[in-house]
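A quick write-up on the structure given underneath.
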Amino acid sequence: MSYRAVVVGAGIAGLSAAAALSLAEPALQVVLLDRDELPEGPEDRRGVPQGRHAHLLMAGGLSALESLFPVNVRDRLLAAGAHHIALGNGMLALTPDSGWLRRWRRDGPHMITCTRALLDWVVRQALLDSGRDVSIHRATVEGLLGTAERVHGVRISGADPALGDELEADIVVDASGRGSGSLKWLSGIGISGVEERTLDSGLTNATRIYRTPAGAESFPLTVVQANPYDGRPGRSAMVLPIEGNRWMVSAGGTRGGEPPQDARGFLQYTLDLPHPIVGQLISSAEPLTDVVVSRGRSTSNSRRYFERSARWPERFIVLGDALATFNPAYGQGMSVAALGAQVLAQELGRSGPAGPGLSRRVVRGAARHVDTAWATAVGMDVLYPGVVGGEPTFADRVAARYARRLTKAATGSFDAAAALWDVTSLTAPPTRVMRPRALLAALTGPSLPLTFEPPLGSAEREVLARLQKGLEGSQEAGTAPLPT
């Protein structure tokens, strides 16, 4: 018997869902719909609001993606120029108030860094090259066909006339992102009252791309983290290696601490952070773009608790940002989407497309992965001044106090650092930080002294010294702002 599935949205969530469907049910015809005209290559598109800013594909998300495709997604990304970075020793990270994380001999989990445009393109090509029955079409979904008991397709507009304006399907997956119409669509078939929560720190992202300076090609990913504990706006910056021998430099500030859009102000912002390393690295680098700024709804945390709904239709599933969105500063959204698609593949493999309760099981399973990322993002964002959508509860403050102690311990304790890596990379649940070794490290503190200068190798120190000398020279010539 042949089946048809419709997937709404051709971002990472939709591509992962399409791969999951065709993996679990090879006879399934998958029709993937997106309102954008998809580019031929790795190019930015309108439907990805944070697409021009920094993205991280965490180890948990990468593992989920690789389980869904017959081709090796990791190898394809690396061949296209993406970077494979070890959390244990491939990055420099200044913690909010405890100095720099050490770089250990053990790698720990790895993450992928590249532009979002490249990631989408590589995964899309992997899907189209998989030999499965998948087609992609430009169309806008206007509503669901069916009843509160069962969905059997979608109403569409703007599509190829061959598709018509009603598309029948055995399964419908909404992976359409932050702008999802699921609440409206469900209301149209008689389901309402879905619980929602939004928490917005007012984060503004500013990003500029530079050519990697000669000799700095192997310089580690570098991040100065925001501080949620001091009652002031969070301010951060990151130097992210991406394809094409380039650095993507993203600065982020919560409400009241937003980075500016002009080039001189952007540089000054990075120099004024608790450590000026980001500004030092880019001060004499060649900029390849203007500063791009994104703010507002595209950076808030927003969750729709579909898994708690008293009624849920068979054959309708919600995944990715359509289920929950996170402050992009934590780099978890794409990985949560891929993990949700992995749940879809597992449940579909157990019961088939017609299995009763499939949709409810998938939504609930995907929500468990949301829980992990949500706890991290909201637990920190709720502490910033001016946050909209909630005040920190007693539990939030207790969790923040423990996170602060564990982070401090991680600057000089491998056990604490490993616990943080596992949770932030989504390879372990939040309970990982409460295992005995991590708990003991948090209670006793770092066994090694704090370090307030970045842990650089000799070659890296030479690179930074050379770039810093370029900054000093431009300051003497009056062409760059002095750090404060």
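Of the possible polar contacts, none joining the Ser300 side chain to the Ser302 backbone as a donor-acceptor pair under 3.5 Å is found. Side-chain atoms of Thr424 come within 3.5 Å of backbone N or O of Leu420 as a donor-acceptor pair. Remark: the backbone N or O of Gly357 is paired with a side-chain donor or acceptor of Glu314 at under 3.5 angstrom. Side-chain N or O atoms of Ser63 include none that pairs as donor or acceptor with a backbone N or O of Ala59 at under 3.5 Å. Judged by distance alone, the side chain of Thr222 and the main-chain N or O of Pro220 form a donor-acceptor pair under 3.5 Å. A donor-acceptor pair is defined here as one N or O able to donate and one able to accept, closer than 3.5 Å; no such pair exists between the side chain of Asp381 and the backbone of Val378.
With salt bridges taken as basic N to acidic carboxylate O contacts below 4.0 Å, none links Glu307 and Arg364. Note on Asp44 versus Arg52: salt bridge recorded, some NZ/NE/NH1/NH2 to OD/OE distance being below 4.0 Å. Classification of Arg155 and Glu166 as a salt-bridged pair fails, no side-chain N sitting under 4.0 Å from a carboxylate O. For Asp160 and Arg138, the salt-bridge test fails: no basic side-chain N is under 4.0 Å from an acidic carboxylate O.
Trp121 is not listed as a side-chain neighbour of Pro39, based on a closest heavy-atom distance of 4.5 Å or more. Here the side chains of Val249 and Tyr210 are in contact, with some heavy-atom distance below 4.5 Å. Inter-residue side-chain proximity for Asp174 and Trp185 is flagged as met; some heavy-atom pair is nearer than 4.5 Å. Within the 4.5 Å cutoff, no side-chain heavy atoms of His152 are placed close to those of Arg315. Put simply, the side chain of Leu221 reaches to within 4.5 Å of the side chain of Met111, judged on heavy atoms. You'll find the side chain of Pro313 reaches within 4.5 Å of the side chain of Ile191, heavy atoms only. With contacts defined as side-chain heavy-atom distances shorter than 4.5 Å, the pair Pro260/Tyr269 qualifies. When side chains are defined from C-beta on, Pro353 counts as touching Leu348, because their heavy atoms get closer than 4.5 Å.
More than 12 heavy-atom neighbours from other residues, nucleotides or ligands sit within 6.0 angstrom of CZ on Arg45. Within a 6.0 Å sphere centred on CD of Glu286, heavy atoms belonging to other residues, nucleotides or ligands number more than 12.
For the residue pair Thr207 and His53, a side-chain donor N or O sits within less than 3.5 Å of a side-chain acceptor on the partner.
Taking the six-membered ring where tryptophan is involved, the planes of His84 and His110 are essentially parallel, since the angle between them stays under 30° and well short of 60°.
Judged by the 6.0 Å distance and 45° axis criteria, Arg208 is not positioned over the aromatic ring of Phe266. By the 6.0 Å and 45° rule, Arg304 does not stack over the aromatic ring of Phe306.
When each of Thr325, Thr198, Asp371 is checked for a side chain to side chain donor-acceptor pair (under 3.5 Å) with Arg303, only Asp371 meets the rule. For the side chain to side chain contact (heavy atoms under 4.5 Å, CB included) with Ile136, the lone residue among Asp34, Leu128, Leu33 that qualifies is Leu128.
Residues Val423 and Pro429 share a closest heavy-atom pair of CG2-O, 3.6 Å.
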Practice task
Kindly indicate, with the supporting measurements, whether the criterion side-chain hydrogen bond (donor to acceptor under 3.5 Å, both in side chains) is fulfilled by Ser201 and Thr254.
Solution key: CA-CA 6 Å; Ser201 67; Thr254 64; 5.6 Å; no
